[in-house]
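Below is one structure, written out as structure tokens; the observations come after it.
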There are 2 protein chains.
Amino acid sequence: MKYSVVVVDDHTLLSQAIEGMVNTFDKFKVLYTCKNGGEVQDKFKASPRNIPDIVLVDVNMPVMNGIETTEWIVANYPNVHVLALSVEDADGTILKMLKAGAIGYLLKDAQKDVLEKALLEIIENGFYHTRNVTNLLLDSVSGKGGRRRVNFKENELKFMRLACSQLTYKEIAEKMFLSPKTIDGYRDSLFTKLDVRNRVGLVVYAIKNKIFTP
Amino acid sequence: MKYSVVVVDDHTLLSQAIEGMVNTFDKFKVLYTCKNGGEVQDKFKASPRNIPDIVLVDVNMPVMNGIETTEWIVANYPNVHVLALSVEDADGTILKMLKAGAIGYLLKDAQKDVLEKALLEIIENGFYHTRNVTNLLLDSVSGKGGRRRVNFKENELKFMRLACSQLTYKEIAEKMFLSPKTIDGYRDSLFTKLDVRNRVGLVVYAIKNKIFTP
DNA sequence: CTACTAAAAGGTGTTTTTCCTGTTTTTTAA
DNA sequence: TTAAAAAACAGGAAAAACACCTTTTAGTAG
């Protein structure tokens, strides 16, 4: 059984070249090719029982660009591996593609053996990266845009983390050796402090602010 | 009013050197120095009304290392900016520090003006990065470790995103122009499909899998 | 046309959460 | 030591969430 690959690139010549390459690989075959993200959506929806394992996405496309396409694939088919393809390497596209959920970035002038190695690595390790990617990524990791000053108490933090863990408040109370009513108090004061409506808001806040890591 | 800085480094000589440097800066002053993460915890807890704006943390420390220290600061005082300090640059520490929540990474042999520039940038922009950080970060961005294959339907995805947004199910139903009972159905089937107990589990799953981005 | 299937909607009851209003106990500070 | 503040605890009502099971609707393959 071969792993299936879809190529998305408006440049027909290149996408056919890649198709040819991939089809010579032992473990991979090209399912089909698309000219843009919209076509990907159509194909995916048309044959939901035939979703590829890997999608190679060009960054620069008309209609629906690589970033949008990647976002859509990742959101709708979380198990499909998206590998970004591009000629350039200098601007923020790498970052954007990776943020969008691509698991790697490959230059278009890559050699045949590099492509095969990349595909294999994706299947085996779940990711691939070329070695020349710059520190643009830092921006993404360090992206903690202006935050309010909130000083949490030790117990509030402990509670917040437990609240992210599917436990009921009663169970949280047991874990913290406190009365359920005290837990109610923590919750209520956090709701006010963080200006959220319900536990969902609390969980999202905790994750966004690295208080809880999924 | 000067911004306050705390230096955490077991190497007294270096931490004093940094202290001297910082104290010559117009907008910054050193509040105190610590020899390890434990000391940071003590000081923070002892004077909760006097939390620094920036903490410079050495990576290699005994007792409680830079990564643990950073994690603790970020989790407990989310508005403190942590800048990592290290002599080395080659292994995974950069990544770990940044993942832990440090907003930048500075080499210890940095010149005085570089340090000042870094501090200013942190205050103004909320982050700083040296230009020589490698693509170790890719691993973190591409970290979507082995996932189950779950094919969501269009409506399930739409629902999941709304479920992350503090809306009640009734409100979600209205937004989707569907009966609340249908929404109940979506929820129940997703609970089963994803093996979660409640809405919290759903939200965490959605965020972890980039279906919803906070 | 009929049988099958999946999505949508409905019924009913239980559990949990949320939101009030308090009181008691412990800590902190004057 | 005493007053004030913070933390822990409580009762109860209303809303929301959760579970399970049935019915209707709409499409579609045979």
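Letters go in sequence order (proteins before strands), and every chain restarts at 1.
Side-chain N or O atoms of B:E39 include one that pairs as donor or acceptor with a backbone N or O of B:K35 at under 3.5 Å. With hydrogens and angles ignored, the 3.5 Å screen pairs a side-chain donor or acceptor of B:N23 with a backbone N or O of B:V30.
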Expected rows: protein N/O vs nucleotides 25-29 of chain D N/O, under 3.5 Å:
none

For nucleotides 25-28 of chain C, which of its nitrogen or oxygen atoms have a protein nitrogen or oxygen under 3.5 Å away, and what is each distance?
none

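Between A:N198 atom CG and D:dC18 atom P the separation is 10 Å, expressed in whole Å. Look at CG on B:L190: it is 12 Å from P on C:dA7, rounded to the nearest Å. Between A:D188 atom CG and C:dC20 atom C1' the separation is 9 Å, expressed in whole Å. The separation between A:K170 atom NZ and C:dT17 atom P is 10 Å, rounded to whole Å.
Heavy atoms of B:R199 sit under 4.0 angstrom from primed sugar atoms or phosphate atoms, though from no base atom. Looking at heavy-atom distances under 4.0 Å, B:R187 makes contact with a base.
Side-chain atoms of B:K153 lie closest to C:dA7 of the nucleotides D:dA7, C:dA7, C:dC19.
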request  = Tell me, with the steps shown, if B:R199 and B:Y169 meet side chain to side chain contact (heavy atoms under 4.5 Å, CB included).
outcome  = CA-CA 10 Å; B:R199 190 164 164 179; B:Y169 291 128; 3.2 Å; yes
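Residue B:Y169 places no side-chain N or O under 4.0 Å from the OP1 or OP2 atom of D:dA15.
Between A:L119 and A:F25 the shortest side-chain heavy-atom distance falls below 4.5 Å.
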query = What string of B, S and - do you get for nucleotides 8-13 of chain C, 5' to 3', if B is base contact, S is sugar-phosphate-only contact and - is no contact with any protein heavy atom under 4.0 Å?
reply = SBBBB-
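Among A:V57, A:T70, A:I73, A:T33, the one residue that satisfies the side chain to side chain contact (heavy atoms under 4.5 Å, CB included) test with A:V40 is A:I73.
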